[in-house]
J.: 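Quick one: the structure is below, and I'll ask about it shortly.
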Amino acid sequence: MKIAEEIKKIILESCSDLKLSVVEEEIKIEHPADVSFGDYSTNIAMILAKQEKINPKELAQKIVNSIDKSDFVEKVGVAGAGFINFYLKSEFLIKEAEKINYESIFKNELSENGKGKTMVIDYSAPNIAKPFGIGHLRSTNIGQAIYNIYKILGWNCVGDNHIGDWGTQYGKLVAAIKKWNKKDLNDLTIDDLEKLYVKFHKEAETDKKLIDEGRDWFAKLEKGDKEAKEIWQKCIDISMVEFEKVYELLGVNIDFVHGESFYEEKLEEVTKEIIDKGITKKSEGAIIIEFDDTPPAMLQKSNGTTTYFTRDMATIRYRMENWKPNLIIYEVGADQQLHFKQVFKTAEMMGWMPDERMVHIAHGLIRWTTGKFSTRKGDTIHLSDVIDKAMERAKEMAPENDIETIEAVAIGAIKFNDLSSDPRKDVIFDWDQIMSLDGDSGPYLQYTYARCKSVLDKTKIKEQKNINEIPENINDDEMALIKEFYRFEEKIMEASERFSPSVIAEYLLGVARKYNEFYAKNRIIDQKEEVFRVFLTRVTVSILKTGLNLLGIKTVERM
Ligand code: ARG
């Protein structure tokens, strides 16, 4: 149930009884930082008092007096300069917790939100012939979490992996392979490809002819030259095998792979359509699109070739035709902000998709705390090195030789680090924090989950859906926990609205902290409160499991 919405309704009714004119958007409902001021609070009386030129406290009291008692509000009070505070009934809070415990009911209610709506999310999108780097890891983790969040809210979700497999750089790669590779094409590895590509750029600094060679090879590729295509396809195959390994390890599954090359045959038509719309301009032989407040985008280079921008335009058109999405989300680094601004503006000018229904989640960088991360090659950070190191540390946290748990902890730790702060912020990669068992980390949540599971193992109460009798004295630790539970739905909604899985990550940490405080101070097994406390444990399990699942993090039974 959307409690904040219900509270808004109550206030609207009360205001209309008092003949106060108020619009719904004016009513802001918040959780007071201090629970002694209730579960929800609004400053609407202060806003209205200003308009009506009356004392805000008195008005707040008037509104409170005319509020009809509802079945979920225990009491309403006035505090401070005119805040109206709502206190929820414990029975109601427990009813909400029961729904979470009945996972299917909870999920059914959630899925009403996105009924009939479709979103497309463009995420991961690594570039072929390069190892999967830490930047694409961010996109993969955040993108998958957002996909999961929209899915649980009932949206029809389409994940689309816009692999980088087209453009002049692949002409360079073919040139490098033709020039220096001595191996059979079938024996090439992703490392070989990366080395060849790096070598090309090094040599090109002194040998300018190389750039032309690369361009020529790309021109051949574009014309469908057999040899060029064969070498290029090999590079794709080698890279895809590598990417699949990464996805498997991360437990990520992207619905579609449409590399940039997929759009190659559609580019002519799209370019023509854009030119026909009359929004382009010739500039030194190239075709560009100008905007009011953004530098121009290049639709076609002076030599007639297309660009990353052109391919993204074709991509939007394809997605609109195929899936008719209400929303398109791009999970791509912040360095492409200008690019997406141009893409969105153009799509709007074309009448394909309104600007406000396209979102670029411009994720920040990953920074290292303690000096440099040691890698095999220096500058690029290889995901496999990061995972190896995480596995090493996870070994100390899992039962010996329990590879499944070790992997879940290692991967969970890395993912949580990506997901626990707002995507737009830079993330600090600090091993001690990432793997900490008592800090804000993935392992901490997995550990709390395992702790709950061991309680459920010990108790004789094996099945329990409802709490039939609410205990007379719910103590503070229990109450603090119950008051976390009912916010789960709100948090999932907020995460979707803000495109930020961190809302859920933070919420889960809060639940885990409250559970651990409760656990430290209260015995559970063989106490007269056992029924109730086991119930609280079950709801915690359900929240941690569903929440971690949304983040793409596995739970473990023992740690
Ligand atoms: N392959 C690109 C890169 O690594 C990201 C692609 C993002 N998606 C898009 N539709 N442009 O920079």
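For the numbers below, each heavy atom of this structure counts, side chains included, while hydrogens, waters and symmetry mates do not. Whatever order the structure lists them in is the order used to number ligands and atoms, beginning at 1. Positions are given from 1 along the sequence.
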J.: Taking all heavy atoms of Phe309 and all of Thr346, pick out the closest pair and write down the distance.
T.: CZ-OG1, 3.4 Å

J.: For ligand 1, list all ligand N or O to protein N or O distances below 3.5 Å, rounded to 0.1 Å.
T.:
residue, atom, partner, partner atom, Å
ligand 1, 1 (N), Ala125, O, 3.0
ligand 1, 1 (N), Asn127, OD1, 2.7
ligand 1, 4 (O), Asn127, OD1, 3.4
ligand 1, 4 (O), Asn127, ND2, 3.0
ligand 1, 4 (O), His136, NE2, 2.7
ligand 1, 8 (N), Asp122, OD1, 3.0
ligand 1, 10 (N), Asp122, OD2, 2.7
ligand 1, 10 (N), Asp312, OD1, 2.8
ligand 1, 11 (N), Tyr308, OH, 2.7
ligand 1, 11 (N), Asp312, OD2, 2.8
ligand 1, 12 (O), Gln336, NE2, 2.8

J.: Can you tell me if CD on Glu248 sees more than 12 non-hydrogen neighbours from other groups inside 6.0 Å?
T.: no

J.: Examine Lys199 relative to Trp180 and say whether NZ or CZ is less than 6.0 Å from the centre of the six-membered ring and inside a 45° cone about the ring axis.
T.: yes

J.: Please report, to 0.1 Å, the donor-acceptor pairs under 3.5 Å made by any side chain of residues 280-288, with sequence neighbours excluded.
T.:
residue, atom, partner, partner atom, Å
Lys281, NZ, Glu290, OE1, 3.1
Lys281, NZ, Glu290, OE2, 3.4

J.: Give every donor-acceptor pair under 3.5 Å between a side-chain atom in residues 151-165 and any protein atom, sequence neighbours left out.
T.:
residue, atom, partner, partner atom, Å
Asn156, ND2, Thr118, OG1, 3.1
Asp160, OD1, His258, ND1, 3.0
Asp160, OD2, Arg319, NE, 3.0
Asp160, OD2, Arg319, NH2, 3.1
Asn161, OD1, Ala125, N, 2.8
Asn161, ND2, Tyr247, OH, 3.0
Asp165, OD1, Glu260, N, 3.0
Asp165, OD1, Ser261, N, 2.7
Asp165, OD1, Ser261, OG, 3.4
Asp165, OD2, Ser261, OG, 2.8

J.: Report, one line per pair, each donor and acceptor closer than 3.5 Å where one atom sits in a side chain of residues 294-301; sequence neighbours left out.
T.:
none

